[in-house]
Amino acid sequence: MSEFLHDFFDMPSDLQHSWIGLVGLHLREALLPVAAGLLLALPIAQLCIRFRWLYPPVLGVTTVLYAVPSLAFFVVLINYTGQTELTVMIPLAVYSLVVLVPAIVDGVRSVPQETLSAATAMGFGPVRRYFQVQLPIAVPAIIAGLRVATVSSISLVSVGMLIGNQGALGNLLHDAQIYNRPELTWNSVITTALLAILVDALLVLVRVLLTPWMPSGSAGRRQAPALKDAAR
Amino acid sequence: SSGGTSEDPLKGGGAESGTVVVGSNNFAESILLADIYGEALKAKGIKVTYKPNIGSRETTYGLMKNGAITLLPEYNGSLLAYLDAKAKPKTVEETTTAINGKLDPKLELLKPSAAQNKDSVTLNAETAKKYKLTSDSSIGELKDVAKDLVFGGSPEFQTRHQGLVGLKSVYGLEFKSFKSLDAGGPLTQAALKKNTVQAADLFTTDPTIAREKFVVLKDPENLFGFQNVQPLVRKGELSKEGAAALDAVSAKLDTKALLQLDAQVQLEKKDPLDVAKAWLKSAGLV
Amino acid sequence: MIRIDSVTKRYPDGTVAVDRLSLEIPDRSITVLVGPSGCGKTTTLRMINRMVEPSEGTILLDGEDIQRQPVTTLRRSMGYVIQNAGLFQHRTIVDNIATVPRMLGWGKQKARARAAELMERVGLDAALAKRYPYQLSGGQQQRVGVARALAADPPVLLMDEPFSAVDPVVRKGLQDELLRIQDELGKTIVFVTHDIDEAIKLGTMVAVMRTGGHLAQYAPPAELLSSPADAFVEDFLGGDRGIRRLSFFPSARLELTSDPVIPLDATAEQIAAPDAPYLLVTDADGRPLGWSEPRDLVAGDIRPDRLLSHGRPFVPGTDSLRVALDCAVLSPTGWAVAVDTGGRVTGVVSQATIGEAIRSAHAAGLDDEKVAG
Amino acid sequence: MIRIDSVTKRYPDGTVAVDRLSLEIPDRSITVLVGPSGCGKTTTLRMINRMVEPSEGTILLDGEDIQRQPVTTLRRSMGYVIQNAGLFQHRTIVDNIATVPRMLGWGKQKARARAAELMERVGLDAALAKRYPYQLSGGQQQRVGVARALAADPPVLLMDEPFSAVDPVVRKGLQDELLRIQDELGKTIVFVTHDIDEAIKLGTMVAVMRTGGHLAQYAPPAELLSSPADAFVEDFLGGDRGIRRLSFFPSARLELTSDPVIPLDATAEQIAAPDAPYLLVTDADGRPLGWSEPRDLVAGDIRPDRLLSHGRPFVPGTDSLRVALDCAVLSPTGWAVAVDTGGRVTGVVSQATIGEAIRSAHAAGLDDEKVAG
Amino acid sequence: MNVLNFVNAFFSDSAHWQGYDGIPARLGEHVQYTLEALALAAAIGLPIGLVTGHYGRGGNALSLVATAGRALPSFGLLVLMTTLLGFGMLPVMIPLVVLAVPPILVTTYEAMRSVDPSPVDAARGMGMHESRILFQVELPVALPLILSGLRSAAIQIVSTATIAAYVSLGGLGRYIVDGLYQRNYEKVVGGATLVAVLALVTLALFWAVARVAVSPGVRRS
Ligand SMILES: Nc1ncnc2c1ncn2[C@@H]1O[C@H](COP(=O)(O)OP(=O)(O)OP(=O)(O)O)[C@@H](O)[C@H]1O
Ligand SMILES: Nc1ncnc2c1ncn2[C@@H]1O[C@H](COP(=O)(O)OP(=O)(O)OP(=O)(O)O)[C@@H](O)[C@H]1O
Ligand SMILES: [Mg+2]
Ligand SMILES: [Mg+2]
């Protein structure tokens with residue numbers, strides 16, 4: 001058993017990382033793109049809210065980009081960014097848009113008209129209103145989107161393995177094959193899944209902390225948009 | 001179809017001066033050889049970083065050219081085939097000369113080792129039996145039955161001269177279909193074993209050949225050429241001392257040793273780096 | 001004073017929501033805009049704080065064109081209360097109320113203290129301060145909405161159907177509360193509703209609007225009831241106009257008589273003396289027990305359980321003539337019982353006398369009505 | 001007849017929604033359940049069609065325990081109408097109405113024909129048949145809801161606040177429609193509302209419920225108004241009980257006088273003859289023009305524009321005593337003007353006379369009220 | 001634009017239009033994987049989503065299952081399944097189904113939950129059986145959302161089915177993986193383009209299905 005555990009966590013030297021190191025790498029490669037995606041999605045979503053006609057085309061474009069397989073993305077990007085983490089992270093950031101933009105748009109749009117009117121009537125300017133009223137109220141929807149984006153980003157990083165050891169925990173999959181060590185495959189799958197679940201749980205916690213104003217009883221119902229995003 | 005190679009925009013990860021970046025292809029033996037080279041250099045006090053497991057030659061050669069890696073274990077015949085599909089050298093020296101004629105001016109080959117590891121056309125036991133072929137049969141004898149066989153190999157094998165292209169032009173083989181697997185790795189081994197493919201490209205140093213009683217066909221036309229393990233380096237980026245160390249490695253490395261090392265990694269599941277270090281030590285190279 | 005001067009609002013899609021509306025809204029009183037759905041009430045209200053800009057015409061605040069002021073300054077000088085309160089669901093009650101003071105740069109302490117003060121004023125328990133809106137009932141939320149609008153002590157309050165989402169009982173409470181607050185603070189309130197009863201109850205002046213954004217009538221509620229300008233207004237006012245109008249007539253000057261009032265232990269003379277068809281029997285404290293014809297009463301043996309119900313009593317001075325009339329109508333004898341605030345009988349009054357009082361109250365306002373209809 | 005027999009409903013969470021309720025619901029009449037929010041009205045209603053099962057007690061339909069019937073059979077024998085109609089948005093209006101007939105296995109043609117018939121009955125234009133619910137106004141949707149419930153001609157109709165989501169004007173129309181349909185079809189209707197005015201208007205019998213699922217009073221509406229069982233009911237009924245109760249008293253037997261009525265071209269004698277403080281002037285057709293004191297009138301030169309408003313006239317027989325009283329109160333003279341349905345004056349009546357009529361109407365029902373209170 | 005050049009070169013090369021590695025063959029395989037995976041995922045996700053959504057129970061459990069499903073990395077799962085089960089369709093179908101079930105399951109549940117409760121109440125009051133309520137009252141109204149769940153699942157499958165190529169299966173991923181190892185961008189870009197086009201066609205198909213299957217009364221609102 002302990003031998004198995006030893007094998008399980010014994011990383012081949014070509015990965016140049018310990019298991020913990022791979023986990024850290026995996027998180028970085030998965031989370032940075034989502035963070036970047038969020039930064040990008042906020043202004044895009046704001047534009048879509050401002051100019052309603054923009055929303056359908058933006059949705060269309062993000063959906064088509066989303067349909068492009070990650071590997072193809074990687075290969076094309078190698079031309080520009082080389083065989084680096086960046087190559088893996090750019091598509092992931094792009095993918096996160098397909099979830100985050102609608103999450104933010106729907107979240108901000110779901111702010112009740114009365115609340116907006118009240119804010120305007122109190123003399124809130126558009127900017128202040130956006131940051132102090134609309135955005136905070138959209139937080140649950142945004143975090144719901146972040147959960148989906150993050151989980152799928154964590155899952156997708158593995159594919160980076162195909163472009164030469166850029167898949168963090170995914171690299172284990174290849175090494176498992178060339179060294180005939182199937183336990184590494186298990187390690188990769190389980191660790192990745194656990195990471196995803198853990199980060200997801202953390203985001204739920206963040207949501208709870210950030211939104212003491214949400215009726216806890218209806219938390220399940222408020223999840224509705226979140227779950228719908230899961231569908232994307 | 002030349003779109004891919006007409007421009008070669010590989011870049012990134014450029015080596016810090018004074019540091020040798022040792023790259024490798026994405027199969028176990030290449031990683032092992034890279035580790036041997038790297039550790040040998042380290043023993044001489046040279047700073048080494050590894051960039052293992054990159055991909056196919058198509059990728060690694062580009063990375064050598066643009067300097068992202070400085071040193072790569074190569075197989076001379078394959079490299080030549082990649083650089084000049086038509087060359088048909090008769091000796092190792094001829095091979096080296098031919099390569100040097102085509103090699104990018106920024107790159108050079110060091111001394112070749114005696115260790116050989118060729119691509120091959122290998123049949124599984126079942127197929128060999130069915131068509132009454134043995135390890136003494138030649139590839140050419142497949143000519144009539146190829147249309148019934150599915151061939152397995154790495155994706156790049158499909159378009160290489162030392163691959164499907166050459167098998168057709170040199171031996172006139174046209175297979176029923178080609179199944180993209182991996183570079184002589186576990187996918188290929190498994191596919192051959194399960195008869196998903198009947199013939200496949202395996203490396204001759206593959207320890208599973210013996211274990212699974214696969215049959216390697218002879219290559220009288222020398223399609224797969226000479227396949228001596230030979231370090232490819234960027235000119236002027238490796239010190240004399242370093243080059244000497246690698247030459248010393250090549251002098252000691254022969255096919256038997258390589259087979260044994262491969263078995264340690266792939267069958268005994270030892271880490272290639274450990275195997276490399278141990279061998280260097282036992283060979284008195286460190 | 002707010003002066004709406006020949007204002008028209010045409011929306012981009014061509015809808016004329018308000019059509020050449022002119023209105024003078026007096027200071028320190030409640031002016032109600034009332035009318036059917038879509039008649040332009042909200043549009044009118046929102047033009048006052050420039051959430052909607054008029055297509056034509058001007059609006060003057062204390063003589064100055066509101067276009068001259070920066071829009072946020074204007075809005076911060078006007079409280080705004082809407083249906084469902086429009087509270088910020090992500091902020092606590094106290095922070096909701098402190099919003100405008102904080103925007104105006106008050107310190108956190110001061111703003112919160114002010115919020116606490118206002119919570120008391122609108123009748124909210126201080127314990128609710130740290131709660132979030134979802135933890136409050138609809139009526140409480142609406143109170144928070146009012147408190148929030150009052151926070152920076154703006155001279156003007158704009159209210160758009162603020163109470164229409166709460167149930168009738170709570171709504172009545174909120175209306176009473178508003179009248180009390182208005183009594184104390186004397187704001188200039190513009191109040192939109194589609195409920196004519198609410199308009200009549202709250203308004204010092206009532207502007208009845210008609211679909212298309214036309215002003216149908218602008219008058220105090222009593223005048224509206226007695227003299228609707230046209231069939232539309234009359235229809236809109238609904239039934240019982242006469243009786244509802246009596247709410248505006250005090251009952252203080254009703255001539256009461258205590259002749260037919262006798263105690264439970266009345267003597268035979270006391271029973272025989274009054275020249276009245278019915279007598280009201282009271283208990284030892286002077287509280288009403290019930291009516292009886294004199295011939296059914298036996299001195300010394302008056303049985304309270306055999307008396308006729310005295311119906312509902314009214315309190316002269318506090319209750320209006322409407323209540324007095326209702327009491328008379330409800331009473332089986334046609335006489336209403338007047339009591340003091342302690343419930344002791346101060347006299348009785350017949351329906352005929354109440355009718356007289358109504359006629360003279362009418363006569364006092366007859367000048368307005370010199371038009372045959 | 002539906003007989004609710006000592007029924008209690010305890011929800012799994014412990015809430016007692018209905019507490020030992022007993023009620024006899026007469027056939028072919030409208031029985032209204034009314035009460036504040038959460039008093040158990042919906043629960044009671046839904047126990048009748050077994051959408052909620054009682055925890056204790058039984059409910060009998062025509063003497064048979066409803067538990068004995070298969071639940072779907074029971075439900076199909078009862079129409080069910082709810083707030084917002086609950087229409088199937090994916091089906092056209094005609095298909096919505098035809099739902100139950102189709103479930104009962106009627107042919108498509110027959111079911112549609114029935115639907116068309118019902119659309120007419122509830123006052124829906126046949127052109128709406130192929131529309132979808134979203135293309136209808138709230139009031140129209142509610143009508144479809146009623147039609148759908150009537151489709152299989154069930155003897156019983158259960159209605160849960162069916163009109164509470166539409167605006168007051170439309171609601172009034174729907175209520176009138178319901179009364180008309182009930183007149184024509186004579187269903188046994190159980191109607192839930194929290195609006196006491198609606199209850200009084202629609203109910204043959206009204207059950208007032210109190211929070212906790214207790215029955216506070218069960219009586220015809222007039223009795224409810226005149227003799228509320230306790231302070232809760234009295235409070236729930238609200239103000240103007242006496243006056244509202246007058247709605248149930250017809251004005252047909254009012255004693256009218258035409259003495260003070262004179263034509264526009266009245267002679268000096270005609271003006272001088274009546275011994276009345278005010279005279280009502282009519283035009284050539286006999287329509288009322290306005291009141292005047294006799295001394296202000298000059299024979300041959302009566303100026304309609306200088307007369308006092310005659311207020312609102314009432315139609316004896318059609319209008320109730322409530323309307324007559326309101327007219328009298330509204331009139332500056334205290335006299336109400338009676339007209340026929342053509343608007344021609346049939347006489348006038350003083351407030352005092354109306355008071356008399358009220359008292360005698362009262363006396364007719366006095367037996368119920370022999371309790372001093 | 002070199003990407004456009006690649007696309008052009010790829011599609012104008014007649015060699016790419018025939019044989020076992022031709023576009024028709026690869027496209028056929030890809031469509032086949034997609035349909036099989038989608039059918040499997042729908043067979044699992046739809047009934048569970050419909051029933052739990054109808055009774056309004058198990059939402060939390062579903063949400064957990066969905067999170068777990070999404071957390072499993074498709075690529076890792078593919079390799080794992082190949083290791084465990086060897087070659088064949090099954091190891092490819094499992095990750096694709098795991099990928100597609102969460103969106104179908106969750107959207108179906110949510111779609112059913114978001115159906116206005118009052119028609120359901122009315123239907124029950126009319127004496128409709130539960131199954132009839134589910135299929136005749138709730139489903140038609142929930143259909144647009146349910147279709148959108150199936151649609152996203154389909155798109156994800158179309159995009160992800162490319163990984164089948166890594167374990168030697170066919171489909172459009174073949175071009176991408178082969179192109180990568182052969183350093184043939186033309187193939188990669190051509191393959192990616194085909195996938196994107198297939199995704200667009202999927203979108204269009206779902207749009208058409210929605211047009212036909214969703215009642216105009218529901219579509220509007
Ligand atoms: N932004 C807008 N664009 C176009 N038309 C509008 C807009 N806002 C309101 N309207 C129209 O203007 C008219 C008046 O609207 P407004 O909201 O002022 O009515 P309201 O009296 O407040 O009605 P309600 O009682 O329903 O609130 C309506 O016909 C409405 O449809
Ligand atoms: N399914 C349930 N589980 C637990 N309690 C319930 C349930 N349904 C209703 N209640 C409770 O039972 C009581 C009566 O509910 P019911 O719906 O019958 O009231 P109602 O008189 O119809 O009120 P409303 O006028 O608000 O519709 C309320 O306190 C309510 O909260
Ligand atoms: Mg409005
Ligand atoms: Mg109810």
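Residue numbering restarts at 1 for every chain, and letters A, B, ... go by the order of the sequence lines. The figures here come from the full heavy-atom set of this structure, side chains too, leaving out hydrogens, waters and symmetry mates. Please read all numbers here as calculations on a predicted model, not as lab measurements.
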>> Would you say that more than 12 heavy atoms from the other residues, nucleotides or ligands in this model lie under 6.0 Å from the CZ of R287(D), or not?
In response: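 It does: R287(D) CZ has more than 12 such atoms within range.
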> With a cut-off of 6.0 Å (strictly less than), are more than 12 heavy atoms of other residues, nucleotides or ligands near CG of D275(D)?
Replying inline: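 No.
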> Is D326(D) reaching over with its side chain to a backbone N or O of R241(C), donor-acceptor style, under 3.5 angstrom?
Replying inline: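 It does hold such a pair.
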> Is there a donor-acceptor pair under 3.5 Å between the side chain of R359(D) and the backbone N or O of G334(C)?
Replying inline: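 No, because the side chain of R359(D) does not come within donor-acceptor range (under 3.5 Å) of the backbone of G334(C).
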> Which residues satisfy the ring pair (Phe, Tyr, Trp, His ring centres under 6.0 Å) test with F314(D), sequence neighbours excluded?
Replying inline: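 Here no residue qualifies.
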Can you say whether [X] sits under 4.5 Å from chain C via the side chain, the backbone, both, or neither, judging by heavy atoms?
{"X": "E234(D)", "answer": "side chain"}
{"X": "T353(D)", "answer": "neither"}
{"X": "I358(D)", "answer": "side chain"}

> How far apart are the C-alpha atoms of L325(D) and L325(C), what are their side-chain angles, what is the distance that settles it, and do they pass the side chain to side chain contact (heavy atoms under 4.5 Å, CB included) test?
Replying inline: CA-CA 10 Å; L325(D) 179 64; L325(C) 178 64; 4.1 Å; yes
>> Given heavy-atom pairs under 4.5 angstrom as the criterion, report whether the side chain, backbone, both or neither of L321(C) touches chain D.
In response: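 Neither the backbone nor the side chain of L321(C) comes within 4.5 Å of chain D.
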> Checking S331(C) against chain D: side chain, backbone, both or neither under 4.5 Å from a heavy atom?
Replying inline: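 Only the backbone of S331(C) comes within 4.5 Å of chain D.
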> How would you list, by chain and number, every residue that makes a salt bridge (Lys or Arg N to Asp or Glu O under 4.0 Å) with E255(D), sequence neighbours excluded?
Replying inline: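 Counting only residues at least two positions away or on another chain, E255(D) forms no salt bridge (Lys or Arg N to Asp or Glu O under 4.0 Å).
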> Any Lys/Arg nitrogen of D240(C) or R322(D) sitting under 4.0 Å from an Asp/Glu carboxylate oxygen of the other?
Replying inline: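 A salt bridge links D240(C) with R322(D).
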>> For chain C, which candidate among L246(D), I354(D), T333(D) shows the most heavy-atom pairs at distances under 4.5 Å?
In response: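 Sorted descending by pairs with chain C, the first entry is T333(D).
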